[in-house]
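Here's the structure, in structure tokens; my notes come after.
Both backbone and side-chain heavy atoms feed into the values below; hydrogens, waters and symmetry mates do not. Throughout, a chain's letter reflects where its sequence line sits, starting with A, and its residues are numbered from 1. What you are looking at is a predicted structure, and each value in this text was computed from that prediction instead of being measured.
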Amino acid sequence: MAAKRKLAENPNSELIDFLHELADYEKNVSRMIHKYNAYRKAASSIAKIDHKIQSITDIKGLEGIGKKIAAKIEQYLSTGKIKKLETNRGDETGAAINQMTRVMGIGPTHANKLVHQEKITSIDELRSHPKRDQLLNKTQQLGLKYLEEFEQKIPRDEIKQMETILLREITAMDNLLRAEIVGSYRRGATASSDIDVLVTHPAVAKLPSLLHKIVETLTKQFHFITDTISIGDSKFMGVCQIDTSKLHRRIDIRVFPSEQYYCALLYFTGNDQLNRHMRIVAQEQGYKLNEYSIQKVGSTGTLSKPLPVTSERDIFDYLQMDYKEPHERNM
DNA sequence: GTCCT
DNA sequence: GGGAATGCGC
DNA sequence: AGGACCGCGCATTCCC
């Protein structure tokens, strides 16, 4: 049997976990989303270092690391702990709020409400609460039902099987339909947190019920989709299961008109960092790029009509960037 | 919390 | 009832 | 010192 080498864990994973924990507290408990992002950014900078950080000089000047976080890392290096984190951990109310946000649909606002007003302190208490159904909306009830399943990563192989079914059934409905699974799966990841599907049809503007039909078929005929979280004309969010022996998974399906398809494909394939990078390059070159289109920006800030795009490569070309294959987009 | 102006 | 604002996820 | 940090689709709640 071929030796399956476990991917070496990041040498600084403990520090990265600490920063993520600080980030979560800021987002969920303090409701400071920008601090959350700041901690995440610092953590991702550190994740790029391939050796164990020995001293503060190893990280000084790293992107996203300023005085406060540098000081915390120094604390961690000399004492193995971070005071602020210990304090956060001692905050039982905060811990309860953090727990509540594990449920899809329960964000910082609702989590705070559940803990402060309803005095709920754990997921178990939420599950057994007599007024559970009044306390939670539809999305949150599904989130609670599938909490443990949604926290499991989806192996690439399982997504591959889903892809086979999805593409077959979608094209069977209408052979002008084209669909692709995007996200980290398209970038080659060995496991993903959800399934993100892009769909296009040359006449989508005339088919406002297209998405509803796709979803209905996948639900009623194939029992692939098990629950709907939300659905409109362009975006479906829901739950699917490849067969009853497998876990329930989060799935999103988005429909775009063909002239927007490749901008959407690029955007939803990501990763985030590449998207940001390309948006900035676009700005520098006098373009505006988003998930719908690429437009020329006039001197007065006026936007041109969306430029013609018939492939992802076209977008790289406009920006005079070298084309990157999906698997090369993990920045 | 960090970066930029 | 229905438009506006908010929460959430991505 | 002080503002930006993506912004948009959908569901729900708020408010007239």
Members of residues 249-288 of chain A that approach DNA chain C, where some heavy atom sits under 4.0 Å away | A:R250, A:D252
Using a 4.0 Å heavy-atom cut-off across all strands, classify A:I33 as base, sugar-phosphate, or nothing.
-> nothing
Nucleotide nearest A:Y292 when distance is taken to its side chain, options B:dG1, D:dG9, D:dT12 = D:dG9
To the nearest Å, how far apart are A:K41 NZ and D:dC5 C1'?
-> 8 Å
Between C:dC10 (C1') and A:Y36 (OH): distance, integer Å | 11 Å
For A:K324, look at atom NZ and say whether over 12 heavy atoms of other residues, nucleotides or ligands are found less than 6.0 Å away.
-> no
Look at A:K68 and B:dG1 and indicate whether a side-chain polar atom (N or O) is within less than 4.0 Å of OP1 or OP2.
-> yes
Among B:dT2, C:dC10, D:dC10, the one nearest any side-chain atom of A:D194 is C:dC10
Can you check the A:H34 NE2 to D:dG2 P distance for me, whole Å?
-> 18 Å
Apply side chain to side chain contact (heavy atoms under 4.5 Å, CB included) to A:R254 and A:V197, showing your working.
-> CA-CA 6 Å; A:R254 297 163 214 269; A:V197 187; over 6 Å; no
Nearest-angstrom distance from the residue atom NZ of A:K235 to P of D:dG9 | 8 Å
Residues A:E180 and A:R178 bridged, charged N to O under 4.0 Å | yes
Give me the residues of residues 102-117 of chain A where at least one heavy atom lies under 4.0 Å from an atom of DNA chain C, by number, or none.
-> A:V103, A:M104, A:G105, A:I106, A:G107, A:P108, A:T109, A:H110
Inter-nucleotide P distance (B:dG1, D:dG9), Å rounded | 33 Å
Taking the side chain of A:N137 as its heavy atoms from C-beta onward, which of D:dT12, B:dC3, B:dG1 lies nearest to it?
-> D:dT12
If you check every side-chain atom of A:M237, which of D:dC10, C:dC10, B:dT2 has the closest atom?
-> C:dC10
Atom-pair distance (CG on A:N88; C1' on B:dG1), nearest Å | 14 Å
Of A:L198, A:L274, A:V182, which is the lone residue that meets side chain to side chain contact (heavy atoms under 4.5 Å, CB included) with A:T269?
-> A:V182
Basic-acidic side-chain contact under 4.0 Å: A:E21, A:R89 = yes
Is it true that A:V103 and A:F150 fall in one hydrophobic cluster, defined by side-chain heavy atoms closer than 4.5 Å?
-> no
Pairwise P distance for B:dT2 and D:dG7, with rounding to whole Å = 23 Å
Thinking salt bridges, do A:E148 and A:R127 make one under a 4.0 Å N-O criterion?
-> yes
Interface residues of residues 139-150 of chain A with DNA chain C (non-hydrogen, below 4.0 angstrom) = none
Indicate, with a heavy-atom threshold strictly under 4.0 Å, whether A:K72 touches base, sugar-phosphate, or nothing.
-> sugar-phosphate
Atom-to-atom span, CZ of A:R40 to P of C:dC10 - whole angstrom | 13 Å
